[in-house]
Amino acid sequence: VAELNLVEDGKLHMATNASFPPYEMTTDDGGYEGIDVEIATEIAKKLGLELVVDDMEFSSVITSVQNGKSDIAMAGLTVNEERKKNINFTDTYTKGVQSIIVPEDSEIASVDDLGKAKAIGCQEGTTGYIYCSDTEENGGYGDKAIAYPDGATAVQALTTGKVDAVVIDNAPAQEFVKANKGLKILDTAYAEEEYAIGVSKKNDLLLEAVNKALNELIEDGTVQKIVDKYIQA
Ligand code: ARG
């Protein structure tokens, strides 16, 4: 599959940030698991390749593909116009919604109350951070948005009272609330998003191959099966 112009022969390098359960997380024995990891493994299989997870900060995932250090970016990665300037996206394979996590006794009861927060924790480089750090005129909260290296650290800041709310994708929000006592998720379809796989703009052949494999996995129900395994309706 040399004509696919891969980072390494026979391998599919996936740039991700493996602290985003249930999409990507580390296992106790130093491996990786999650929805994206399993879908990417199936895609790699279809292409006759072995998946290699390149774990990095979320804000490096797109540049890693742009710089030719990874073949694909798969990280619960939301499609948006800004990112489309830097990478190409496959078709969408699932959806997400930005959710708000607050302490159970919080006075913040809905997205309309988010302005009451003195500080809002987000993960650096994510759409949640982009929305929250935007100006007030644009519906954001400016300097109140605090960027943390990952969701777990943002949630830790919430449990220790450093921030009053955390804005993050809904499925990780569920996982973080499960793992920490005294937190709840506010039901607000804050922003609906679509997740897709990023591929270098210089590698149309790979984009096509990955997209074809992905669509086969969507059509035969594999993607849904993997999602259902990690996210209980
Ligand atoms: N969906 C959000 C975004 O694309 C957050 C993704 C964070 N992913 C991760 N693996 N940490 O900005």
Side-chain angles (χ1 to χ4, degrees), residues 13-27 31-41 51-66 69-101 111 120-134 139-141 145-158 165-177 179 185 188-199 223 226-227 230-231:
H13 277 262
M14 161 183 163
T16 197
N17 167 251
S19 57
F20 199 63
Y23 296 100
E24 41 266 335
M25 54 274 192
T26 48
T27 58
Y32 298 97
E33 64 178 354
I35 294 170
D36 288 344
V37 177
E38 289 203 22
I39 295 173
T41 302
L51 184 74
V52 180
V53 174
D54 299 335
D55 192 13
M56 61 191 74
E57 285 181 4
F58 178 71
S59 37
S60 303
V61 159
I62 289 175
T63 40
S64 186
V65 166
Q66 273 185 293
K69 294 207 171 84
S70 306
D71 300 304
I72 60 171
M74 200 169 181
L77 186 62
T78 302
V79 178
N80 72 18
E81 292 309 314
E82 195 56 37
R83 291 172 181 171
K84 277 190 198 167
K85 290 181 194 159
N86 298 317
I87 46 168
N88 285 330
F89 282 101
T90 61
D91 294 329
T92 297
Y93 62 91
T94 191
K95 282 186 199 312
V97 179
Q98 292 300 312
S99 297
I100 303 167
I101 311 176
V111 65
I120 304 165
C122 306
Q123 184 183 4
E124 192 173 11
T126 61
T127 48
Y129 181 70
I130 296 165
Y131 302 136
C132 289
S133 61
D134 207 341
Y141 309 96
I146 317 282
Y148 289 93
D150 53 51
T153 317
V155 171
Q156 208 182 328
L158 181 63
V166 165
V167 172
I168 194 160
D169 306 47
N170 56 325
Q174 304 270 5
E175 298 287 331
F176 290 130
V177 166
I185 298 171
T188 58
Y190 187 65
E192 244 196 64
E193 307 185 328
E194 303 202 314
Y195 297 164
I197 304 168
V199 179
V223 165
I226 294 169
V227 170
Y230 287 95
I231 302 177

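Whatever order the structure lists them in is the order used to number ligands and atoms, beginning at 1.
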Among the heavy atoms of [X], does any lie under 4.0 Å from an atom of ligand 1?
X    : answer
F58  : yes
G76  : yes
Y129 : no

Against heavy atoms of [X], which atoms of ligand 1 measure under 4.0 Å?
X    : value
D169 : 1 (N), 2 (C), 5 (C)
Q123 : 7 (C), 11 (N)
L77  : 4 (O)

query = If we only count N/O pairs under 3.5 Å, is Q98 in contact with ligand 1?
reply = no
T127, any N or O under 3.5 Å of ligand 1 N or O = yes
ask   = What class does the angle between the rings of Y195 and Y93 fall in, given that below 30° is parallel, 30 to 60° is tilted and above 60° is perpendicular?
value = tilted
So, applying side-chain hydrogen bond (donor to acceptor under 3.5 Å, both in side chains) with [X], which one of [options] is it?
X    : options        : value
E193 : N80, T127, T94 : T127
S70  : D54, T63, T16  : D54
E81  : R83, K84, K85  : K84

ask   = So, N170 versus Q98: side-chain donor-acceptor pair below 3.5 Å or not?
value = no
Roughly how far, to the nearest 0.5 Å, is [atom2] of [Y] from [atom1] of [X]?
X    : Y    : atom1 : atom2 : answer
S59  : Q123 : OG    : CD    : 8.0 Å
S99  : Q174 : OG    : CD    : 7.0 Å
D169 : K95  : CG    : NZ    : 14.0 Å

In the protein, which heavy atom is nearest to [atom], and how far is it?
atom                    : answer
atom 8 (N) of ligand 1  : A75 O, 2.7 Å
atom 9 (C) of ligand 1  : F20 CG, 3.3 Å
atom 11 (N) of ligand 1 : N17 OD1, 2.8 Å

query = For atom 4 (O) of ligand 1, which of R83, M74, E193 has the closest heavy atom?
reply = R83
remark   = Counting heavy atoms under 4.0 Å, the part of Y195 that contacts ligand 1 is side chain
request  = Please say which of T78, I197, L77 ends up in a side chain to side chain contact (heavy atoms under 4.5 Å, CB included) with F89.
outcome  = L77
